[in-house]
Amino acid sequence: LVPQISPDMQVRLSDLTLELLDQLEKLGPYGIANPLPLFMLSRVSPASAPRVMKEKHLSLELRQERVTARAIWFNGAQDPLPPPPWDIAFELTRNDYQGRVQPQIQVKALRASP
């Protein structure tokens with residue numbers, strides 16, 4: 001039996017901006033009574049080959065139309081990826097690395113687009 005996922009909202013890669021991230025952070029703090037919103041991207045493709053990190057995580061570069069974005073899927077390297085394009089359920093978090101702040105896609109589930 002495959003678990004069902006119910007995203008809160010469908011978005012496009014072009015919607016994932018620092019402004020959106022700032023607005024989401026104003027709705028926090030997040031926790032059990034106030035979970036992070038679950039978003040969905042439809043019909044995205046890999047812009048490059050997925051990279052395995054620490055033998056269990058996947059680093060993905062996603063493309064939707066002319067927009068690309070990086071994503072991380074913790075423990076996503078356990079199973080083979082289905083053929084693209086994909087539908088992706090994810091949470092949006094802040095990635096602050098070496099002084100550069102970007103929205104980060106944290107993949108929760110991925111499937112082949114119907």
Side-chain angles (χ1 to χ4, degrees):
L1 191 65
V2 176
Q4 294 294 311
I5 294 178
S6 298
D8 297 300
M9 175 184 276
Q10 185 167 334
V11 295
R12 303 194 65 69
L13 276 182
S14 59
D15 297 328
L16 306 181
T17 63
L18 281 175
E19 182 180 349
L20 173 62
L21 186 60
D22 289 342
Q23 294 298 319
L24 285 173
E25 288 178 348
K26 289 178 183 176
L27 299 174
Y30 294 102
I32 293 172
N34 185 28
L36 272 168
L38 187 65
F39 295 102
M40 181 178 165
L41 291 165
S42 289
R43 304 196 61 76
V44 296
S45 298
S48 61
R51 208 174 77 235
V52 176
M53 301 174 357
K54 298 185 180 179
E55 300 177 15
K56 59 184 177 178
H57 309 307
L58 281 182
S59 175
L60 303 162
E61 186 168 358
L62 306 174
R63 177 185 311 279
Q64 188 179 50
E65 296 167 355
R66 294 187 179 121
V67 178
T68 61
R70 299 212 56 80
I72 183 88
W73 190 3
F74 294 110
N75 300 311
Q78 267 73 21
D79 299 311
L81 292 169
W86 301 318
D87 293 340
I88 298 176
F90 70 98
E91 292 173 345
L92 191 64
T93 61
R94 180 178 296 268
N95 182 4
D96 191 345
Y97 182 70
Q98 295 182 340
R100 187 174 176 201
V101 178
Q102 294 180 300
Q104 178 170 281
I105 297 166
Q106 285 191 3
V107 177
K108 298 297 175 184
L110 182 148
R111 69 177 185 196
S113 294

Kindly list each side-chain donor-acceptor pair under 3.5 angstrom involving residues 37-45, sequence neighbours excluded, with atom names and distances?
unit_1: S42; atom_1: OG; unit_2: Q10; atom_2: NE2; d: 3.0

**Asked** Are I88 and M9 grouped together when hydrophobic residues (ILVMFWY) are joined by side-chain heavy atoms under 4.5 angstrom apart?
**Response** yes
**Request:** Could you pull out all residues at least two apart from Q78 that satisfy side-chain contact (heavy atoms from CB on, under 4.5 Å)?
**Result:** K56, N75
**Asked** Got a sec, which hydrophobics cluster with M53, joining ILVMFWY side chains under 4.5 Å apart, including via others?
**Response** I72, F74
Which atom pairs, donor and acceptor, lie under 3.5 Å between side-chain atoms of residues 103-110 and protein residues at least two apart or in another chain?
unit_1: Q104; atom_1: OE1; unit_2: N95; atom_2: ND2; d: 3.1
unit_1: Q106; atom_1: NE2; unit_2: T93; atom_2: OG1; d: 3.3

Only pairs under 3.5 Å count here: list side-chain donor-acceptor contacts from residues 14-26, not counting sequence neighbours, and write none if there are none.
unit_1: D15; atom_1: OD2; unit_2: R12; atom_2: N; d: 2.9
unit_1: T17; atom_1: OG1; unit_2: E19; atom_2: N; d: 3.4
unit_1: T17; atom_1: OG1; unit_2: L20; atom_2: N; d: 3.1
unit_1: D22; atom_1: OD1; unit_2: R94; atom_2: NH2; d: 2.7
unit_1: E25; atom_1: OE1; unit_2: R94; atom_2: NE; d: 3.3
unit_1: E25; atom_1: OE1; unit_2: R94; atom_2: NH2; d: 2.8
unit_1: E25; atom_1: OE2; unit_2: R94; atom_2: NE; d: 2.9

**Item:** Set of residues satisfying side-chain contact (heavy atoms from CB on, under 4.5 Å) with respect to P114, sequence neighbours excluded
**Value:** D87, R111
**Fill in**
Heavy-atom closest pair (L27 atom, N34 atom, distance to 0.1 Å) is O-ND2, 3.0 Å
**Request:** Keeping to residues at least two apart or across chains, list the ring pair (Phe, Tyr, Trp, His ring centres under 6.0 Å) pairs with something in residues 93-114.
**Result:** none
**Message:** Show the nearest heavy-atom pair for residues T68 and A47, with the distance to one decimal.
**Reply:** CG2-CB, 4.1 Å
**Closest heavy-atom pair and its distance - P46, P84** = CD-CB, 3.6 Å
**Message:** I'd like to check the salt bridge (Lys or Arg N to Asp or Glu O under 4.0 Å) partners of R63; sequence neighbours left out, ordered by chain and number.
**Reply:** none
**Asked** Y30 and V11: same hydrophobic cluster, using ILVMFWY side-chain contacts below 4.5 Å?
**Response** yes
**Request:** Measure the CG-CG distance between L13 and L62 for me, rounded to the nearest 0.5 Å.
**Result:** 6.0 Å
**Message:** Give me each pair satisfying salt bridge (Lys or Arg N to Asp or Glu O under 4.0 Å) with a member in residues 69-82, each pair once, sequence neighbours excluded.
**Reply:** E61-R70
